[in-house]
*Asks:* 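One structure, pasted below without further comment.
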Amino acid sequence: MTRVDALLKYPASVKSAIKLQEQFAHMVSLIPRKVPPTITGIDLSYSTQSLKNDISRAVAAAVTVRLPSLEPVETAIASGTIPFPYVPGCLGFREVPLAAAAIEKLDNDPCVILFDGHGIAHPRKFGAASHCGLALGIPSIGCAKSAFTTTQTCQIAMEQFASQPSWLRKQVVGHAIRMAEGVNPVFMSPGHLVDMASALQIMRCCSSGFRVPQPIRLAHEAAGREKKQLSSSPPRDWLDPLP
DNA sequence: GCGACAG
DNA sequence: ATCTTGTCGC
């Protein structure tokens, strides 16, 4: 597993973070991929109170599900302090270090990661999903609940899996897709080591009848449950691993 | 210049 | 993301 440590550290400034994104965006490769035997959903849950300016405590969850059943097979959790603020366009630097810690606790390396955020549908073609995939050398797909810098040309039909291309500077960088009939669409884009067609096909395997794909739903729930546990214990317990 | 801005 | 119960609608 080829790790990129520069992407797993917290940058000293937003400027340096953006510079790293511009540099590493060139290393993202979108290649065809068959539907994998498992998908690993990633999500973070944040503590109510921040420690200082934009310093917050959070829990990251990685949940691997089997296809096509979508049954969970493994869950890993990592918690800790996050010293990088939320800056639109720099989400990867805030979430990926802790997400990676959770992923590396899994007994089995993920086949494909489904990250709660954008892939290449990003101003510098390097959203959090691309960031996570490249940092760990694992195929990744981004799935966000709202568009960021992209636009849709046409309306999206109401039926399940209806989709429309997402455009960014005359380029199709992802798709808005309805994971179930009647629900609002989500916004998917390839992250790393997965091309557009493969990402769409894999996304279609992740619907459990809700708006949010099952791997991310389970990760969201797992992170939320863990946060609830930790919120009732001393702050030091949020350090992971414990001293 | 102004506003908008994944989680 | 997070603070939060009941409630409107299919």
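The figures here come from the full heavy-atom set of this structure, side chains too, leaving out hydrogens, waters and symmetry mates. Note on naming: letters A, B, ... go to the chains in the order of the sequence lines (proteins, then strands), and numbering restarts at 1 for each one. Small disclaimer: the values here were computed from a predicted structure and weren't measured.
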*Asks:* Between A:His192, A:Arg33, A:Met188, which is the residue that forms a side-chain contact (heavy atoms from CB on, under 4.5 Å) with A:Ile141?
*Replies:*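 Looking at A:His192, A:Arg33, A:Met188, the match for A:Ile141 under the side-chain contact (heavy atoms from CB on, under 4.5 Å) is A:Met188.
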*Asks:* Does A:Lys145 put a side-chain nitrogen or oxygen below 4.0 Å from OP1 or OP2 of B:dG7?
*Replies:*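 Indeed, a polar side-chain atom of A:Lys145 lies that close.
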*Asks:* OP1, OP2 of C:dT2 versus side-chain N and O of A:Ser45: anything below 4.0 Å?
*Replies:*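 So the side chain of A:Ser45 is within the cut-off, an N or O lying under 4.0 Å from OP1 or OP2 of C:dT2.
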*Asks:* Touch check for A:Tyr46, heavy atoms < 4.0 angstrom, all strands: base, sugar-phosphate only, or nothing?
*Replies:*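 Since only primed, P, OP1 and OP2 atoms lie under 4.0 Å of A:Tyr46, the category is sugar-phosphate.
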*Asks:* Starting at atom CD1 of A:Ile82, determine the distance to atom C1' of C:dA1, rounded to an integer number of angstrom.
*Replies:*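 Going from A:Ile82 (CD1) to C:dA1 (C1'), I get 10 Å.
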*Asks:* Could you work out which one of C:dT2, B:dG7, B:dA6 sits closest to the side chain of A:Lys227?
*Replies:*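 In terms of side-chain proximity for A:Lys227, the closest of C:dT2, B:dG7, B:dA6 is C:dT2.
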*Asks:* Taking all heavy atoms of A:Ala102 and all of A:Ala78, pick out the closest pair and write down the distance.
*Replies:*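 Distance-wise, the nearest heavy atoms are N-CB, 3.6 Å.
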*Asks:* Across the strands shown, which category fits A:Gly142 at heavy-atom distances under 4.0 angstrom: base, sugar-phosphate, nothing?
*Replies:*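 Nothing, no nucleic acid heavy atom in range.
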*Asks:* Going by the angle between their ring planes, with limits at 30° and 60°, are A:Phe148 and A:His118 parallel, tilted or perpendicular?
*Replies:*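 Parallel, since the angle between the ring planes stays under 30°.
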*Asks:* Nearest whole angstrom, please: distance from the P of B:dC5 to the CZ of A:Arg94.
*Replies:*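 These atoms are roughly 18 Å apart.
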*Asks:* Give one of base, sugar-phosphate or nothing for A:Ala128, where a contact means two heavy atoms less than 4.0 Å apart.
*Replies:*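 Base: the residue A:Ala128, judged by heavy atoms under 4.0 Å, touches a nucleobase.
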*Asks:* Just how far, in rounded Å, is P of B:dG7 from CG of A:Leu44?
*Replies:*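 Computing the A:Leu44:CG to B:dG7:P distance gives 12 Å.
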*Asks:* For the pair A:Lys125 and A:Glu22, find out whether any cationic side-chain nitrogen is under 4.0 Å from an anionic carboxylate oxygen.
*Replies:*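 A:Glu22 and A:Lys125: not salt-bridged.
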*Asks:* Can a salt bridge be assigned to the pair A:Asp116 and A:Lys145 using a cut-off of 4.0 Å between side-chain N and carboxylate O?
*Replies:*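 Counted as a salt bridge, because a side-chain N and a carboxylate O are separated by less than 4.0 Å.
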*Asks:* Please report the distance, rounded to the nearest Å, between CZ in A:Phe84 and C1' in B:dA6.
*Replies:*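 In whole Å, B:dA6 C1' and A:Phe84 CZ are 14 Å from each other.
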*Asks:* In whole Å, I'd like the distance from the CZ atom of A:Arg211 to the P atom of B:dA6.
*Replies:*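 A:Arg211 atom CZ is separated from B:dA6 atom P by 13 Å.
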*Asks:* Provide, to the nearest angstrom, the distance between the CG atom belonging to A:Leu168 and the P atom belonging to B:dA4.
*Replies:*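 For the pair A:Leu168 CG and B:dA4 P, the rounded distance is 20 Å.
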*Asks:* Starting at OH of A:Tyr86 and ending at C1' of B:dG7, how long is that distance when rounded to a whole Å?
*Replies:*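 About 6 Å, once rounded to whole Å.
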*Asks:* Which part of the nucleic acid, if any, lies within reach of A:Cys90 when heavy atoms closer than 4.0 Å are counted: base, sugar-phosphate only, or nothing?
*Replies:*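 Base contact.
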*Asks:* Between C1' on C:dA1 and CZ on A:Phe115, what's the gap in Å once rounded to a whole number?
*Replies:*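 From A:Phe115 CZ to C:dA1 C1': 13 Å.
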*Asks:* Does OP1 or OP2 of B:dG7 have a side-chain N or O of A:Ser146 closer than 4.0 Å?
*Replies:*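 Yes, such a contact exists.
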